[in-house]
Structures are given as C-alpha cells and as structure tokens.
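Below is one structure, written out as structure tokens; comments come after it.
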Protein chains: 2
Amino acid sequence: MDIRTRLLETAEQLFDRHGFNATGMDRLTEGAGISSRTLYKHVGSKNGLIAAVLNERDRRFHRLVEEDSIDALFGALETWLAQEAVRGCLFLRAWGETGGDVPEIAEAMERHKQRLRGRISDIVVAEISQHDDELVETIQLLFEGATHMAAYRGVATVDVARRAAQRLANAARAS
Amino acid sequence: MDIRTRLLETAEQLFDRHGFNATGMDRLTEGAGISSRTLYKHVGSKNGLIAAVLNERDRRFHRLVEEDSIDALFGALETWLAQEAVRGCLFLRAWGETGGDVPEIAEAMERHKQRLRGRISDIVVAEISQHDDELVETIQLLFEGATHMAAYRGVATVDVARRAAQRLANAARAS
DNA sequence: TGCAGTGTAAAACGATCACTTTACCTTCGC
DNA sequence: GCGAAGGTAAAGTGATCGTTTTACACTGCA
C-alpha cells in the first residue's frame, strides 16, 4: 500500500480514537510504520496531516452517498458509523480542538459542510420534485443530530432520523 | 465573586474558545487571576477542572429549561447559544478530546445527555399527553443537530429545528 | 498572642510536544 | 555503474505541558 494512504488511514483512526492533540507524532509514525522525516516530507506539519486526513475523509464520504435519496443518505451514515468508531463529526472536532484558528482545517470543515448541504439539496429535489430550503435544513439537522447522538446512543438512532426525514418529505410532497 | 465561580467561568470560556488541550494551566490561572497552587487546591487536577466546568454547565443548562414545552426547550438553546460562542456540544467535545478515557469526564457527559433526554421525555408527555419514545428521540436529534449546526451556520438554524419538532408533535397528537 | 487557613509569586519538576538534523542505506532510470 | 530520489534510525532542538515545591503574606478565630 502507498505510504501516504497508509499514513492517512492510520492517522484518521488514531485521531478519532484519541483526539487530535492527544495523538503525538510518535504514535503516528509508529502506527504508520514510517520515520518522522518521511511523514514531514509528505504532509509538512501536523496541521497539514490533519487537513489531509479531513479532505480524504470528505472524498470518501461523498463517494459513499452517490444515489440521490434520503434512504441512501442515511444508509451511508449507517455504513460510515459502523466501520469507524466515530465520536461525533471529525471535521467539527478538528475545528473545535484548534479553536478555528488553523485556516487549512477551518476550510476543510467548511468545505465538507457545504458539500453535504449541496448533496441534501439534490436529494430534496429528487424526492419531492421541487426546491424546499426548510426541508433541506431540517434533513441536515437530523443528519447532524444522528452523527452526534450515535456517539453516545449507538447506530440505531440513525433509523429514527431516517424515518423522521422521510415523514417530513412526504408531508412536503403532499402540500 | 467567589474564587471557584470565577475559575469555572473563565475556564469554560477558554475551553470553548480554544479547546481543552490547547488551553494550558498558565492561561487558566492568569485568566482567573489566581495562583496555580490555589487552582489545584480547588479542583485537584486539569481533568478535575474540566469535570467541574461540565457539571456546573449542566446545572446552568437545566435551570434554563424549566418549563415543559418544545418552545421553552429550543428557546433555551437559543439563549444558550447567543450568550456563549459555542462550537458544538462542550460535553461531547471534552469527551472526544480525552478519547473517552477519563472517567469523571465521560460520566459528566453521560449524565448530561441522560438528563437532557429526561427533560425531553417530560416535554413530550406535556405536549401530547402520552409517552412516545420515537418522538422523544426525534426531538433530541433535532436538538443535537441544532447545537452543532449552529456552530457553522449560526443561531437561525434553531428556529428550523423548533418548527420541525412542533410539526412532528402535532402529527403525533393527531394520530 | 498565636496558629490554622487561605491566598500569593516564582522556580523547578520530569515528561512530552512538534519538528529538525545527521548519517546511512536502498532502489532505479539513464 | 553512477547519481538522484526517497527511504530508515536515532539523537537533539527549544518550547511547553501538567503538577509540585518553596518561601512568604494576610486574615480571622480561640
């Protein structure tokens, strides 16, 4: 496997499990099986590594939600949560730990949330054949809520969010 | 003002603004205007301080939601977000930064979420005159979602969450 | 009068942080 | 067969971390 890929995958797991600040460079290099010199050649700095992890995660997430349906959206979240022991949104966590003061991290977070909203907007049009900003925002609320509630209540909460989204979409379709 | 109160208020602001790990003891003692010896006399350790901050915040939050109505719940969240520049749920943030490995912090988080759920459960009974676990969970999803979306989209998102909760409660009442 | 309690300032603790440096080894295209 | 590219291990950089210690000042109660 490619060194960079291995590094990003290891880092993502460690960051999620222990937090960003609490994960030292030693643990990262040891986990990825590379020297610290190589790590710095590839990502420049720890913040660079965090940003790279987030951007790769964003790409992976959107590859997971390709179909334009509410079911696909929450199905993706379920898969997402099952294969990674997420403790809330990793983008918001990185942003919070750095106080919003690291541009590359703040931008990665912002970009991810924008893309998420775009996706949901497409889904709403596909589901009810018209634009409805309130419905988009509500589904995003449910999605964001499920992401964080799953951290302390388990994946089952995603189903509740999905059903609520579908009920609201049905109501919007009827009107 | 009481030393302990001043310490907890300062710490809460600094933790929220910069994150827990990134806020050193120097900044805390300087911010509260006390010596490090006094700080350790009062809270024992940094983790003790974090736990104390969370528990005090929990008490303050529940004092804010005394009325049993959906409107009061989201109204409280709005007040909450307006007077503190929150970057997501401070309980989940503390829990995430410490990897869930610090018992006193994990317990503070768990207790807060349990109490929140209890409150919402009471609200549902007051609003639709019967128990409805699915509705409770959905309202919690909207609440949790609003807490985190407000971090990057502003307080306005709370209104959307409130309206969705009310619509779902109305539907549950009718059935 | 004296002493316990509570506070201060400031230095020191060892550990750990992100990051750099030095010196050496392998691999591969020309 | 040579040089550049890209890797390793390991020591060292200065700064900062959470925490403890030393030495001293003020207050209020017995």
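Given the structure is predicted, the values throughout are model-derived calculations rather than measurements. Note on naming: letters A, B, ... go to the chains in the order of the sequence lines (proteins, then strands), and numbering restarts at 1 for each one.
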With sequence neighbours left out, the residues meeting side-chain hydrogen bond (donor to acceptor under 3.5 Å, both in side chains) with B:Glu97 are B:Asn21
Whole-Å distance, B:Asp26 CG to D:dA15 C1', equals 12 Å
In short, salt bridge (Lys or Arg N to Asp or Glu O under 4.0 Å) pairs touching residues 124-152 of chain A with sequence neighbours left out are A:Lys113-A:Glu144, A:Arg117-A:Glu137, A:Glu127-A:Arg173, A:Glu134-B:Arg163, A:Glu134-B:Arg167, A:Glu137-B:Arg153
Throw together a table of side-chain donor-acceptor distances under 3.5 angstrom for residues 46-55 of chain A, partners on residues two or more places apart or in other chains.
| unit_1 | atom_1 | unit_2 | atom_2 | d |
| --- | --- | --- | --- | --- |
| A:Lys46 | NZ | A:Phe20 | O | 2.9 |
| A:Lys46 | NZ | A:Thr23 | O | 2.8 |
| A:Asn55 | OD1 | A:Arg111 | NH1 | 2.8 |
| A:Asn55 | ND2 | A:Ala51 | O | 3.2 |

Atom CG of A:Leu28 and atom P of C:dA18 are separated, to the nearest Å, by 8 Å
Contacts of B:His148 meeting ring pair (Phe, Tyr, Trp, His ring centres under 6.0 Å) (sequence neighbours excluded), chain-then-number -> A:His148
* Would B:Glu56 and B:Arg59 satisfy salt bridge (Lys or Arg N to Asp or Glu O under 4.0 Å), going step by step from the backbone distance to the final call? -> CA-CA 5 Å; B:Glu56 178 56 33; B:Arg59 284 188 51 239; 2.8 Å; yes
Under a 4.0 Å heavy-atom cutoff, the residues of residues 36-46 of chain B touching DNA chain D are B:Ser36, B:Arg37, B:Tyr40, B:Ser45, B:Lys46
**Pair B:Arg17 + B:Glu84: basic N to acidic O under 4.0 Å** = no
Here the distance between atom P of C:dA9 and atom CD of B:Glu30, to the nearest Å, is 11 Å
What do you reckon, is CD of A:Gln13 surrounded by more than 12 foreign heavy atoms closer than 6.0 Å? no
To the nearest angstrom, the CD-P distance between A:Glu97 and C:dA18 comes to 12 Å
Residues of residues 3-25 of chain A with a heavy atom under 4.0 Å from any atom of DNA chain D, listed by number, are A:Ile3
Rounded to the nearest 0.5 angstrom, the CZ-CZ distance for B:Arg162 and B:Phe143 is 11.5 Å
note: B:Asp2, atom CG; C:dG7, atom C1'; distance rounded to Å ~ 13 Å
